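Structure first, then comments.
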Amino acid sequence: MFKPFKIIGMGQSTLNHFKRLERRCSPLFRCNITTNQQNQSKENEKYLPKKRKISFSNVHMKVASEILGVEIDYLLQKQQLGPENVIQLIEPPNELYKDVYERLKVILRTHSYPHGLSSESNKTTYVDTLLFTIVDHVNRDLETHPKILLVKEYDIKMVYDGDVLLGRLDYAIVQLSSRKEQACLLIVECKKENVDVAVKQCLLALKHIYSGRPVYGCCTTAEDWNFIMFNGDDFKIIHKRNVIFPHMDEHEDLWMKNCTLVIQIIYSCLIEQLRQFKN
């Protein structure tokens, strides 16, 4: 049987010295290995494919359709639904309609009408006015706690097939359930011309923020509005609706008759979402 050998001529004090030296050097040796492994890992990362950062607007339509699980062209071409088939409409207080009308009337008198050639900043002035007024009324009428907020430039990040997809939505109406968590109630994308251009970005955002409850979004040119609902399985698109028209400041009755549905849809989306979160 093999027996441990002894070093001849080495006293106990010398052996103890070597043991102490071994204990001191052993952690240094292990740290050196770990450092070498980390350096080697960093070196290997140079040869790995890097994640690309792609904005929602630059995501190819085919890729977006794969993420959504449905062809976007099909969604845009199929028969769109009336609002009563998408959401349970709730009638807002008459004061809300009057308040929106008066505020839009002031904008019309101080800004150019947001036609197709208008700048995007001109269009967002109208959208700002409409959304801020509705949010203000919901907070006052329902005395929601915590309050809902209108956030401009709402950022979304999602990962797909190794790429990082970045979306910056023009507006999001959120309820702050805590300092760190935001419950998104409605997202809005404003475009200079055709609202169909914004549909892809809105669809991707709705897919990302879905968390078991229906989520809502809309795309607008300030004049025309398209609404989208996603319930986890299907996307439903509401017909284009108008909220303003030239010289509406001279035709209040006509505006009240033909242009208030957009306000009612947004109001209904917010009320429905708030009720769900409360339950």
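Note that the coordinates shown come from a computational prediction; the quantities given were computed from them, not determined experimentally. Just the heavy atoms: all of them, side chains too, but no hydrogens, waters or symmetry mates, feed the values below.
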(request) Would you check, one step at a time, whether the test side-chain contact (heavy atoms from CB on, under 4.5 Å) holds for L165 with K157? (result) CA-CA 6 Å; L165 309 184; K157 180 173 71 173; over 6 Å; no
(request) Please list, chain by chain and in numerical order, all residues satisfying side chain to side chain donor-acceptor pair (under 3.5 Å) with S57, sequence neighbours excluded. (result) S55
(message) Is it the case that atom NZ in K105 sees more than 12 heavy atoms from other parts of the structure closer than 6.0 Å?
(response) yes
(message) D253: which residues meet the side chain to side chain contact (heavy atoms under 4.5 Å, CB included) condition with it, sequence neighbours left out?
(response) none
(request) Taking salt bridge (Lys or Arg N to Asp or Glu O under 4.0 Å) as the test, write out the residues that go with K152, two or more places apart. (result) D128
(message) Run the side chain to side chain contact (heavy atoms under 4.5 Å, CB included) test against H208 and tell me which residues pass, sequence neighbours left out.
(response) I156, M158
(request) Tell me, please, which residues at least two apart from D155 pass salt bridge (Lys or Arg N to Asp or Glu O under 4.0 Å). (result) R168
(request) Under the side chain to side chain contact (heavy atoms under 4.5 Å, CB included) rule, collect the residues that match up with S65, sequence neighbours excluded. (result) E71, I72
(message) For the backbone of D249 and the side chain of Y101, can you confirm whether one donor and one acceptor N or O come within less than 3.5 Å of each other?
(response) yes
(message) My understanding is that only residues two or more places apart in sequence, or in another chain, count here; which of them pass side chain to side chain contact (heavy atoms under 4.5 Å, CB included) with C202?
(response) I187, L206, C219, I228
(message) Let me confirm one number: the SG-CZ distance from C218 to R241, rounded to the nearest 0.5 Å.
(response) 14.0 Å
(message) Between R52 and D163, does any NZ, NE, NH1 or NH2 come within less than 4.0 Å of an OD or OE carboxylate oxygen?
(response) yes
(message) Measuring only between side-chain heavy atoms, which start at C-beta, is D170 closer than 4.5 Å to E153?
(response) no
(message) For the residue pair R103 / T129, report whether a side-chain donor-acceptor contact shorter than 3.5 Å exists.
(response) no
(message) Holding to ring-ring contact (aromatic ring centres under 6.0 Å, His included), I want the full list of residues that pass it with F230, two or more places apart in sequence or in another chain.
(response) Y210, F235
(message) For E223, give me all partners under side chain to side chain donor-acceptor pair (under 3.5 Å), at least two apart in sequence or on another chain.
(response) Y113
(request) Could you label the plane-to-plane angle of the H251 and F245 rings as parallel, tilted or perpendicular, counting under 30° as parallel and over 60° as perpendicular? (result) tilted
(message) Is the shortest side-chain heavy-atom distance between M248 and L108 below 4.5 Å?
(response) yes
(message) Can you tell me if E84 has over 12 outside heavy atoms packed within less than 6.0 Å of its CD?
(response) yes
(message) Just to verify, what does Y267 make a side chain to side chain donor-acceptor pair (under 3.5 Å) with, not counting sequence neighbours?
(response) none
(request) Name all residues meeting the side chain to side chain donor-acceptor pair (under 3.5 Å) criterion together with Y160; count only those two or more places apart in sequence or in a different chain, and write none if there are none. (result) E66
(message) Whether the side chain of T124 engages the backbone of V127 through a donor-acceptor N/O pair (distance < 3.5 Å, no angle test) should be reported.
(response) no
(message) Let me confirm one number: the CG-OH distance from L169 to Y154, rounded to the nearest 0.5 Å.
(response) 8.5 Å
(request) Rounded to the nearest 0.5 Å, what's the gap from CG on L89 to CD on E272? Could you check? (result) 10.0 Å
Expected list for residues 256-264: side-chain donor-acceptor pairs under 3.5 angstrom, two or more places apart:
unit_1	atom_1	unit_2	atom_2	d
T260	OG1	M256	O	3.3
Q264	NE2	E91	OE1	3.3

